[in-house]
Amino acid sequence: MITMDQIVREGHPVLRQVAQPVNLPLTVEDKNTLQSMLEFLKNSQDPDIAEKYDLRPGVGLAAPQIGVAKRLFAVHTTDENGKEYSLGIANPKVVSHSVEQNELENGEGCLSVDREIEGVVPRHSRLTVKGFDQNGDPITLRLRGYIAIVFQHELDHLDGIMFYDRIEGLSDAQKRPLPGFAL
Ligand SMILES: O=C(O)C[C@@H](Cc1ccccc1)[C@H](O)SCc1ccccc1
Ligand code: NI
């Protein structure tokens, strides 16, 4: 199972790479990667398991965050309407998005960032994502609200973008991990 010591922290180059598309049909290895990321998210949201293994709660996790530079991520959460999103996705692509923007008023965090960074992160309010599910079947998701933000946070990880890159007015020093952070 994935625990926090398998989660790569900022400063590690893999978080700044553009991840590679995976081949279809998905290999057993890629299917297992998606499954293990989804399992981490479920574990991280279970109070007993999270406490036992000292897991930070997460609603999304991208393969580069476990050192795998592939275009895979998992999401496990419910949106404002209680619709559950619990899936792994391969080769996700934004096919359209609104001009209108949205943001979490308290800003964002990241499992790969062990510090609080103030500031709102502008995101597309609505977007349509195409990709492939864990069985390799094509999926199209029309997203808005909270889940749209979660997907954009994970999509950025596949392109080496950290949430704080998008915060207006953040100094370069604030965008760099503090010295001494593990690579
Ligand atoms: O580091 C990650 O990619 C996982 C993030 C995803 C995320 C952060 C902010 C906004 C949207 C998505 C973690 O889920 S951060 C921890 C967290 C836990 C519960 C709710 C929101 C954020
Ligand atoms: Ni993150």
Side-chain angles (χ1 to χ4, degrees), residues 1-19 33-34 36-47 49-51 53-90 92 94 97 101-127 129 131 141 143-168 170 174-177 181-182:
M1 69 179 276
I2 296 175
T3 56
M4 293 310 291
D5 49 14
Q6 271 118 316
I7 293 189
V8 167
R9 305 303 155 88
E10 59 175 335
H12 191 295
V14 72
L15 291 174
R16 288 306 193 179
Q17 281 177 1
V18 174
T33 299
L34 284 173
S36 64
M37 295 194 296
L38 197 51
E39 181 201 38
F40 169 84
L41 296 174
K42 291 175 183 172
N43 290 341
S44 77
Q45 294 174 30
D46 178 310
I49 301 175
E51 184 184 359
Y53 294 99
D54 193 21
L55 305 180
R56 262 188 71 186
V59 295
L61 187 66
Q65 292 181 275
I66 54 170
V68 175
K70 292 184 175 181
R71 302 188 80 79
L72 302 166
F73 69 71
V75 169
H76 183 71
T77 190
T78 53
D79 69 7
E80 297 88 333
N81 309 318
K83 178 177 170 46
E84 187 180 64
Y85 288 85
S86 185
L87 71 153
I89 186 165
V94 177
H97 64 77
Q101 295 194 314
N102 188 11
E103 59 205 26
L104 292 180
E105 62 181 28
N106 297 327
E108 296 187 8
C110 182
L111 293 172
S112 297
V113 178
D114 294 331
R115 56 192 172 117
E116 292 286 318
I117 302 177
E118 298 277 311
V120 293
V121 182
R123 299 286 188 187
H124 305 310
S125 287
R126 297 178 301 284
L127 74 165
V129 175
L141 297 165
L143 307 167
R144 63 182 57 213
Y146 177 66
I147 191 67
I149 290 172
V150 174
F151 264 71
Q152 290 173 79
H153 181 110
E154 302 311 328
L155 282 158
D156 271 354
H157 275 306
L158 304 185
D159 292 329
I161 298 167
M162 302 295 280
F163 73 91
Y164 47 73
D165 298 343
R166 295 185 181 279
I167 297 176
E168 289 287 309
L170 215 56
Q174 289 172 292
K175 289 184 177 178
R176 264 196 301 277
F181 267 64

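Remember, it's 1-based here, ligands and their atoms both numbered in the order they're listed. Note that this is a predicted model, so its numbers are computed, not measured. Numbers for residues simply follow the sequence, beginning at 1.
By the 30° and 60° cut-offs, the orientation of the rings of F163 relative to H153 is parallel. The aromatic rings of Y85 and F151 sit perpendicular to each other, their planes meeting at more than 60°, with 30° as the lower class boundary.
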Original post:
side-chain contact (heavy atoms from CB on, under 4.5 Å) between T3 and D54: does it pass, once the steps are laid out?
Top reply: CA-CA 8 Å; T3 56; D54 193 21; over 6 Å; no
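Remark: ligand 1 and S112 share no N or O pair separated by less than 3.5 Å (distance only, no angle test).
Taking every non-hydrogen atom of C110 and a distance limit under 4.0 Å, the qualifying atoms of ligand 1 come out as 1 (O). Those atoms of ligand 1 with a heavy atom of G58 less than 4.0 angstrom away are 14 (O). Each of the following atoms of ligand 1 lies closer than 4.0 Å to a heavy atom of E108: 9 (C), 10 (C).
Within the model, atoms CD1 of I49 and CE of M1 stand 7.0 Å from one another, a figure rounded to the nearest 0.5 Å. To the nearest 0.5 Å, atoms CD (Q152) and CG (L127) are separated by 5.0 Å. Rounding to the nearest 0.5 angstrom, the gap separating the NE2 atom in H12 from the OG atom in S112 is 10.5 Å.
For atom 16 (C) of ligand 1, the closest non-hydrogen atom of the protein is P57 O, 3.3 Å. Among all non-hydrogen protein atoms, the one lying nearest atom 6 (C) of ligand 1 is E154 OE2, 3.4 Å. Nearest protein neighbour of atom 20 (C) of ligand 1, counting heavy atoms only, is Y146 OH, 3.3 Å. Counting only heavy atoms of the protein, atom 8 (C) of ligand 1 lies nearest to G109 O, 3.2 Å. With hydrogens left out, the protein atom closest to atom 19 (C) of ligand 1 is V59 CG1, 3.7 Å, a heavy atom. Protein heavy atom nearest atom 1 (O) of ligand 1, with residue, atom name and distance: L111 N, 2.8 Å.
At least one heavy atom of Q65 sits closer than 4.0 Å to an atom of ligand 1. For G60, the heavy-atom gap to ligand 1 drops under 4.0 angstrom.
For atom 10 (C) of ligand 1, the nearest non-hydrogen atom from the set V150, I147, L104 belongs to L104.
Of the listed residues (V8, V14, L61), just one forms a side chain to side chain contact (heavy atoms under 4.5 Å, CB included) with I66, and that residue is L61.
Environment of CD in E80: crowded, with over 12 heavy atoms of neighbouring residues, nucleotides or ligands closer than 6.0 Å.
For the pair R166 and E108, the salt-bridge criterion is not met [side-chain N within less than 4.0 Å of a carboxylate O].
Contacts between F73 and ligand 1 below 4.0 angstrom, taking non-hydrogen atoms only, are absent altogether.
Nearest heavy atom pair, residue P64 against residue A19, reads CG-CB, 4.2 Å.
Atom NE2 is the N, O or S atom of H157 at the shortest distance from the Ni ion (ligand 2).
Contact annotation for atom 22 (C) of ligand 1: protein absent (non-hydrogen atoms, distance under 4.0 Å).
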